[in-house]
Number of protein chains: 2
Amino acid sequence: MAKAPTVYDVASDAGVSIATVSRVLRRPADVRESTRERVMASVRELGYVPSGSARGLAARRTGALGLYFPGFDAMDDLDEISDLSANESPGYTLIDDVGGAQDSHQFNLYFDEVLRGAELEAWRRGFALTVAVGRGGLAADAVRDMAGRVDGLLVLSQSVPDDALEQLARRIPIVVLASKAEGGPFDSVTVSNREGMHALAAHVIGDLGSGDIAYVAGPLDSPDDTDRWAGFVSALRERGMEPGDVRLRRGEFTRASGRRAGADLLASGDLPKAIICANDQMGLGVLDALNGSGVRVPDDVVVTGFDGIEAANLSSPRLTTVHQPMEMVGRAAIQLMQRRLDDPEAEPASMRLPVKVLLRESSERK
Amino acid sequence: MAKAPTVYDVASDAGVSIATVSRVLRRPADVRESTRERVMASVRELGYVPSGSARGLAARRTGALGLYFPGFDAMDDLDEISDLSANESPGYTLIDDVGGAQDSHQFNLYFDEVLRGAELEAWRRGFALTVAVGRGGLAADAVRDMAGRVDGLLVLSQSVPDDALEQLARRIPIVVLASKAEGGPFDSVTVSNREGMHALAAHVIGDLGSGDIAYVAGPLDSPDDTDRWAGFVSALRERGMEPGDVRLRRGEFTRASGRRAGADLLASGDLPKAIICANDQMGLGVLDALNGSGVRVPDDVVVTGFDGIEAANLSSPRLTTVHQPMEMVGRAAIQLMQRRLDDPEAEPASMRLPVKVLLRESSERK
DNA sequence: CCCTTGAGTGTATGCGCATACATTGCTATC
DNA sequence: GATAGCAATGTATGCGCATACACTCAAGGG
């Protein structure tokens with residue numbers, strides 16, 4: 001790895017000054033064509049690549065945006081993969097997976113899709129995108145480090161302590177994703193959790209006629225859960241019902257906890273007419289429990305989820321759900337960031353993205 | 001956004017020199033504790049965040065690694081999401097999705113998982129990870145820009161023109177993912193495509209007894225397809241069969257092309273005993289075609305896929321497949337990069353990662 | 001023929017940090 | 001009590017680029 005050539009090398013090779021080299025790269029129109037070609041030839045010949053650090057320092061902008069997500073502390077089973085001698089192994093393992101768990105680690109699909117949208121939009125605008133997933137307790141440090149190297153920061157709500165965030169906001173624009181509160185001090189992107197659940201619940205209740213309903217909620221500290229519950233309650237009230245009229249169970253947004261909730265309801269010997277779940281994983285878990293017991297969905301019980309994950313589209317019956325536009329969340333965040341960079345003084349804005357209520361076989365009789 | 005404080009501001013606030021400030025942050029042990037605390041207090045008070053650009057320039061390393069993936073040109077339907085007034089909308093759309101397509105855009109799950117692995121491993125090593133997805137014809141430019149801002153580049157095979165890559169390799173370490181050829185000039189990570197398909201095919205053929213087999217291949221220009229075919233052929237030969245003894249169809253790695261292949265085989269009126277597909281999407285397509293026609297899988301026909309995507313775990317019957325360790329690919333790539341950064345003169349190395357052959361209901365009779 | 005004008009290029013500087021080297025003030029040593 | 005030795009800190013410099021400003025030169029105007 002020879003020492004990387006710099007503007008100086010290119011300049012002397014092409015017989016011009018470094019200013020001209022820089023201009024050829026940044027404002028080609030300002031340079032005579034013959035000069036430009038000479039410089040470009042040297043650039044190619046030397047394999048010159050401008051230093052991002054030097055550019056960033058001189059121009060006072062890095063041209064990169066940062067995306068920070070909270071991680072799952074648990075996943076850090078930190079084994080080295082192997083030494084290179086792995087090449088000697090047979091290269092495969094035979095596994096009898098018949099009857100294997102249909103459960104699956106689909107845990108951070110949320111991250112994946114948001115990232116994809118953010119990357120797309122960042123690319124369109126000429127930004128690089130740097131990603132970091134928080135792990136362990138060093139969120140504040142990690143995000144701080146990131147803040148030093150980007151022009152703007154996209155942060156998932158709750159992933160960074162509020163005080164640390166406000167600190168950073170003094171230096172660098174911040175957009176909060178999936179913020180619980182619109183109208184905070186930051187630009188933010190939210191999803192119509194509440195409206196979506198309201199629409200879904202209203203539909204289910206309206207179809208049913210009867211009010212015999214169970215609600216499988218998520219953890220108490222989840223803002224998503226709070227919003228969805230609020231939407232559900234408002235739909236109830238429209239029908240003259242109260243939260244007290246509903247059988248409420250609380251899970252952890254996991255398929256296993258959905259299975260438990262479903263089994264409990266079965267065991268009670270008195271199934272409700274509908275089981276509304278605060279997310280898809282739990283909805284799928286409920287389906288698991290019911291499918292194993294001869295109960296027919298949707299004929300005996302209607303089941304719904306929330307999120308619109310892929311597995312909800314592949315279950316049988318397919319799960320009625322509310323699809324969150326996760327990729328759009330990423331894209332919208334970058335758009336808000338662009339706006340903020342263009343006009344640092346603008347009032348904090350909030351984008352609320354629409355959801356799609358997908359009525360499928362788990363709730364619709366043909 | 002007040003002007004960001006610098007080392008100079010912190011130094012004067014704390015009554016020390018900038019060298020001391022820098023030391024407090026980088027080599028705390030070299031500074032007396034009382035001084036250190038004074039400096040840290042100023043850092044906190046001023047909300048100081050070190051400039052990544054300046055650090056990178058002075059230290060000659062950016063502390064970031066880059067991950068470059070080819071994109072899907074088609075996906076760029078570049079609509080602006082909306083103005084901020086979207087907040088006035090109802091926030092949801094009701095969609096009757098009964099009988100909706102179970103097909104799904106699972107297109108860049110590969111990207112997602114590799115990224116996740118790379119991010120994890122980069123984080124462990126204190127690197128930031130910058131991602132870019134190539135779009136349009138500017139791969140060389142985009143990757144060049146990226147090269148200027150990272151200490152090392154991970155590149156998916158085929159995503160960057162070879163000459164551009166070799167150019168860059170003179171300046172910056174490069175690791176190629178899913179390289180077709182081990183033993184090239186670059187460090188690379190590959191997956192045991194060939195060995196996996198060999199094992200799977202040998203298992204199927206052995207079970208079957210008979211040799212009546214169809215193979216649904218992918219596009220001719222796919223290195224993955226080439227390797228898998230090679231593994232398949234070697235398994236055939238072990239049984240004394242030749243490629244000519246097999247019915248070969250070629251698809252495009254899509255579910256639709258799998259459906260077509262399945263329909264064709266059905267229409268021939270003479271189903272083979274096994275249909276080996278070069279990827280899961282096509283395998284699922286074949287299942288789609290067969291499921292609609294009363295043919296029983298695996299009793300009448302065995303069907304297999306390759307890749308281990310989630311949908312293959314959720315189909316009915318569940319699809320026997322070969323699972324690629326995509327997250328491991330990302331992790332291994334970072335490990336190779338670390339090694340290369342530690343020892344720039346090391347011989348190019350290649351890691352071949354093992355796959356898992358997952359025998360499931362589409363090939364196994366109980 | 002002198003002056004103005006503008007296109008094209010060069011010179012000089014600063015961006016914010018890390019770090020080699022110099023300096024200071026102690027303590028330990030004899 | 002003089003000196004070597006070390007810990008703690010300061011001074012000065014360069015990293016590679018963008019860019020404000022200065023300069024040159026040729027064409028056009030008076």
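Chain letters run A, B, ... following the sequence lines, proteins first, then strands; residues in each count from 1.
- Look at R26(B) and you'll find a side-chain N or O under 4.0 angstrom from OP1 or OP2 of dA18(C).
- For the side chain to side chain contact (heavy atoms under 4.5 Å, CB included) with V176(A), the qualifying choice from L153(A), L154(A), L165(A), V189(A) is L165(A), the only one to do so.
- For a distance-only test at 3.5 Å, the side chain of R23(B) qualifies as a donor-acceptor partner of the base of dG10(D).
- For T35(A), a side-chain nitrogen or oxygen approaches OP1 or OP2 of dT9(C) to under 4.0 Å.
- Comparing V16(B) and A59(B) against DNA chain D, the residue whose closest nucleotide sits nearer the 5' end is V16(B).
- Within 6.0 Å of CZ in R61(A) there are 12 or fewer heavy atoms belonging to other residues, nucleotides or ligands.
- L46(A) places its CG atom 14 Å from the P atom of dG16(D), with the value rounded to the nearest Å.
- Taking atom CD of E37(B) as the reference point, atom C1' of dA8(D) lies 16 Å away to the nearest angstrom.
- Looking at L341(B), V131(B), V175(B), T130(B) one by one, the single match for side chain to side chain contact (heavy atoms under 4.5 Å, CB included) with L65(B) turns out to be L341(B).
- Among the atoms of the strands shown, base atoms are found under 4.0 Å from some heavy atom of S22(B).
- Phosphate contact (OP1/OP2 of dG10(C), side-chain N/O of S17(A), threshold under 4.0 Å): present.
- Within the structure, a side-chain polar atom (N or O) of T20(B) is placed less than 4.0 Å from OP1 or OP2 of dG10(D).
- The distance between atom CZ of R32(B) and atom C1' of dA8(D), rounded to the nearest whole Å, is 6 Å.
- For the OP1/OP2 pair of dG16(D) and a distance below 4.0 Å, the side-chain nitrogens and oxygens of T6(A) include no atom meeting the criterion.
- Nearer the 5' end of DNA chain C, as judged by each residue's closest nucleotide, is the contact made by V31(A), out of Y8(A) and V31(A).
- Here the P atom of nucleotide dG16(C) and the CZ atom of R60(A) are 6 Å apart, to the nearest Å.
- Atom CD1 in I18(B) sits about 8 Å away from atom C1' in dA18(C), given to the nearest Å.
- Between R27(A) atom CZ and dC17(D) atom C1' the separation is 15 Å, expressed in whole Å.
- In this structure, the CG atom of D30(A) is 10 Å from the C1' atom of dA7(C), given to the nearest Å.
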>> Apply salt bridge (Lys or Arg N to Asp or Glu O under 4.0 Å) to residues R149(A) and D145(A) and explain how you reach the verdict.
In response: CA-CA 7 Å; R149(A) 59 173 80 227; D145(A) 179 79; 3.6 Å; yes
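- We find that CG of L57(B) is positioned 12 Å from P of dT19(C), with the value rounded to whole Å.
- A side-chain donor-acceptor contact under 3.5 Å links D9(B) to the backbone of T6(B).
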